Amino acid sequence: MKTAFSIHIRGVVQGVGFRPFVYRLARAHSLAGWVINAEAGVELHVEGTEEELQAFVRELESKPPPAAQITSLDVQVEEPEGLSEFTIRESLRRDRPTVRISSDLPVCEACLAELFNPGDRRYLYPYINCTNCGPRYTVILGLPYDRPFTTMKRWPFDEYCAAEYHAPANRRFHAQPVACPACGPHYELRLDAETVRGDQTSVRMTAELLVAGKIVAVKGLGGYHLACDARNSGAVLALRERKYRKEKPFALMVKDLEVARELVHLSPEAQQVLTSVARPIVLAPAQVELPGVAPDCDELGVMLPYTPLHHLLFAAGAPHALVMTSANRSSEPICYEDEDALDRLAGLADAFLVGERPIARRVDDSVVRALPAGPVILRRARGYAPGAVATLPARRPVLAVGADLKNSITLVVDGQAFVSQHVGDLDHYEAFAAFKETIQDFVTMYSVRWDDLLVAYDAHPEYASSQYALGLPAAEKLAIQHHRAHVASVLAEIGQFEKEVLGVSFDGTGYGDDGAIWGGEIFLGSVARGFERVAHLRSAALAGGDAAARHPVQAAAGFLAQVSDAYGLPDLAAPPFGFPVRFRHASELVRKNVRTFTTTSVGRLFDAAAALLGFTREVTFEGQAAMWLEHLARSAPTVEPYPFPFTDGELDFRPLLFAVAADRLRGRDEREIARAFQLGVAQGVAGAAISLSHARRVGAVVLSGGVFQNALLLGDLSALLDGTGIEVLANHMVPPNDGGISLGQAALAAYRAAGSNERNAAYTATSRFTI
Ligand SMILES: [Zn+2]
Ligand SMILES: [Zn+2]
C-alpha cells in the first residue's frame with residue numbers, strides 16, 4: 001500500500017548539496033515525489049510504501065551532506081498523489097526567509113583531485129567548486145540561494161557546466177557557483193606597469209614574487225590578504241612598516257598539516273579545529289622563531305589553504321609558510337572590492353592577484369584557540385558566519401547591534417539567532433560604514449520589517465553603535481548593560497535561559513549601571529530573571545578614563561595609589577621599575593581627583609601588573625599588555641599564588657599588586673612573578689565563586705568577557721573549581737570578548753521586551769524529529 005510523507009527540514013540545508021542528496025536518496029529507495037528550496041528550509045514530498053519511506057527518513061537524518069546541519073525535521077503523513085518519478089522543483093519566493101545561509105566551505109577532496117588532474121576540464125582552474133565545497137555566504141546576494149541571487153550571475157553556464165548542473169547524479173547538480181575555464185571567471189596579476197592575464201601564468205608569477213620576498217595582495221573568499229614569505233624577515237618587516245602594524249601578530253597560511261607541525265605544537269584538539277570545515281586560524285604554541293611574525297608571543301596563528309587558489313599558489317612553488325594577513329591599513333576593515341583594494345593598498349602591495357568573481361560581503365578569517373574544554377572562538381567570521389548559534393524564545397525579530405570594539409551584530413528571526421561576521425572597531429570610519437552595511441544586509445536578507453523590530457544596544461551612551469541604534473526606525477529599543485550581555489551570551493549558546501548562575505564578567509571596559517567603567521563584575525541571576533550585581537573588583541581611580549587602556553602605566557596609577565596608601569611603595573620611576581613620566585602625571589591627576597573615573601576593570605588590573613613587570617611602553621593593540629603578561633607566566637615553574645582576598649563582595653587587588661611590586665624589587669624572576677599574579681587572580685575568583693555559590697545556593701558559574709581570552713587564567717580557574725561541584729560554563733560559539741556581546745544583548749532583550757511573557761508562552765521549541 002502506497003502512502004506519502006510531507007517533510008519539512010530546517011537548518012543549514014541550502015547551498016550544501018542537500019537537494020541533490022535528497023534526489024539521489026529518493027531514487028535509491030524508489031520513491032516518487034519532489035524536493036524544493038523554500039525560504040523556511042527544504043520541503044519535500046515523497047510517495048512509496050511505509051517501509052521505504054521510513055528507511056528514507058532514517059537515512060536523510062543520519063547521512064546528510066558533510067556541510068549540512070539539520071536542526072529540525074518534521075514529517076506529516078499525507079494522501080499519495082500517484083506521482084511516478086522524483087523531481088527537483090524550482091525555488092519558491094514567499095514571505096520571510098528563515099532558512100540558514102551556509103557559511104563558506106573549503107575546497108573538497110574530490111575537487112582538489114580534479115584541480116591537479118591534467119585530464120580534467122577544470123585542471124588548475126582557481127574557481128573549481130561543487131555542492132560539497134566552495135563559496136556561499138560571500139557570493140550570496142539574496143535568498144533563496146540560487147544562481148541569479150549570487151555574484152556568479154554574470155557568468156552564464158556553458159554546455160558542459162549546464163549539463164553537470166542539471167544532472168541529478170552529478171556532484172555539481174545545482175551547485176550554484178559552478179564554473180569552468182571556458183565559462184567562468186578568471187584571475188589576473190596586476191603589476192605596476194602591466195597586467196598579466198591567465199590563471200596559470202598569474203598564479204605562477206605570484207609564487208615567484210613571493211619567493212623573491214615581495215608582498216602580494218591576494219583576493220580570496222571574503223576579502224584580500226597581504227601575503228609574503230613568513231621565513232623572510234625582511235619581507236615581514238617591510239609588511240609591518242607599510243601596514244603601520246608594529247607588533248600585533250600576523251597570521252600564517254601553511255602548505256599543509258606537515259608544515260603546520262613544523263611551526264607549532266598541534267594538540268589533537270587543535271588539529272581537529274585546524275582541519276575542520278571552518279578552516280580557521282588556530283593559535284598554537286610556537287615551535288620555531290619567525291622574526292617579526294609574532295613579537296613577544298609564544299603562539300603562532302596558522303591556517304590551512306582553503307580555496308583552490310591557495311592550493312594552486314603552493315603547488316606553483318610559493319613559500320610553504322606565508323604571512324596571510326587581512327589586507328588593510330592598521331585596523332581598518334579588510335578590503336574586499338577590487339577598486340577599493342587597488343586604491344587603499346597602493347604602496348602596501350608590490351602586486352595584486354585579482355579574481356573576477358565579486359565578493360558579496362567582507363568576511364575575515366576566523367581565529368580559534370583549541371583548549372581541552374573545547375574551542376574558544378576569538379574572532380568569529382569565515383566558516384562560522386552567518387550561522388545560527390542559538391534558539392531564543394523570541395517570536396518577534398530582534399536586532400542586537402553589539403558593542404563598539406570587536407563589533408558583531410545579531411539578528412533573531414523566528415527564534416533563530418544569526419550572528420554576523422566580525423565587523424571591527426567602530427571608531428574607524430570604514431568599520432562604522434561596514435557596521436551599517438551589515439545591519440542593512442541582515443535586515444534585507446531576512447526580509448525583516450523595521451516596525452516589527454526590537455533593537456538592543458549597549459548602555460554606553462557614547463558608543464557609536466548605541467547612538468546609531470537610537471536613530472533606527474524600529475518598533476522598540478532597549479539598552480542592555482555590557483557585562484550582563486557577556487554572561488547572557490554564554491547561557492544563550494546553550495539555551496539555558498532559566499538557569500541561575502553566578503556570572504563572572506571580566507573585561508577591559510564597559511559602561512556600568514552607575515556610569516563607572518566596569519570590568520570586574522560578578523552577577524547572580526538568569527537570563528529570564530535578569531542579573532543582579534553581587535560582587536566586583538575593588539574600585540580604583542582611572543586617570544583619563546578609557547584612554548588609559550593604551551598606557552599600562554597610566555592605568556596603573558590609580559591602582560598603585562591605593563597600594564601605596566595601604567603598604568607603601570618604592571619610587572616607581574627608579575629601577576627596576578623605570579616608569580616613564582606619564583605615570584607621575586597620571587598619579588597627580590589621581591591625587592587631585594582631576595579627569596579621573598572610577599573603575600572596577602580587571603583588564604586595567606592586568607595592565608597595572610604588566611607595568612610593574614616591565615611593560616611600561618604604550619600598547620599597540622588592545623589587550624597587548626595582558627597578553628604579554630600571560631606569555632611571561634606560561635614559561636614559569638609552579639609557584640605559590642599571591643593573595644587576592646574576597647571580602648564583603650569585593651576582590652581586593654591591593655595585596656596582589658603589592659606582592660608583585662615587592663618581588664620585583666627583590667629581583668625575583670619576572671616569569672615567576674607573572675605566574676604568581678595570574679594564579680592569585682584565579683584563586684581569588686575561585687574563592688569568591690565558591691563562597692557566593694554556597695551563600696546563594698547556585699551551582700554554576702559563567703566565565704565571560706575579554707579577560708577570559710587568557711587561556712592560562714581560564715585553565716587555572718577551571719582546575720581550581722574542578723571537584724567543588726560547581727559547574728563552569730564559558731563561551732564556545734561566540735567570542736568571550738566583545739564579539740559575543742550582540743548575542744547576549746539579543747537574549748536579554750528577548751526577555752525584557754514589553755509583553756514578552758505572553759509572546760514567550762506561545763513559543764515552542766522546534767522538534768528535532770516528529771513522526
Ligand atoms: Zn568540491
Ligand atoms: Zn563551464
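Quantities reported herein were computed from a predicted structural model and do not represent experimental measurements. The basis for the numbers below is simple: all heavy atoms, side chains too, and nothing from hydrogens, waters or symmetry mates. Ligands are counted one by one from 1 in listed order, and the atoms in each one are counted from 1 as well.
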Requested in this report: Work out which heavy atom in Leu300 is nearest to a heavy atom in Val293; give both atom names and the distance.
Outcome: CD2-CG1, 3.9 Å

Report task. Just say parallel, tilted or perpendicular for the rings of Phe418 and Tyr446, cut-offs at 30° and 60°. Result -> parallel

Requested in this report: Determine the interplanar angle of the Phe157 and Tyr165 rings, folded into 0 to 90°, and report it as parallel if under 30°, tilted if 30 to 60°, perpendicular if over 60°.
Outcome: tilted

Requested in this report: Please state whether the separation between the Zn ion (ligand 2) and some N/O/S atom of Glu159 is under 2.8 Å?
Outcome: no

**Report entry** Sub-4.5 Å side-chain heavy-atom contact between Leu312 and Tyr187
**Finding:** no

**Report entry** Exercise: do Tyr224 and Asn328 side chains pair donor with acceptor under 3.5 Å
**Finding:** no

Query raised in the report: Distance only, no hydrogens: is a donor on one side chain within 3.5 Å (strictly under) of an acceptor on the other, for Tyr23 and Arg27?
Result: yes

Requested in this report: Write the atom name of the N, O or S atom in Asp158 that is nearest the Zn ion (ligand 2).
Outcome: OD1

Requested in this report: Take the Zn ion (ligand 1) and tell me which protein N, O or S atoms are nearer than 2.8 Å.
Outcome: Cys108 SG, Cys111 SG, Cys130 SG, Cys133 SG

Query raised in the report: Within 45° of the six-membered ring axis of Phe173 and under 6.0 Å from that ring's centre, is NZ or CZ of Arg19 located there?
Result: no

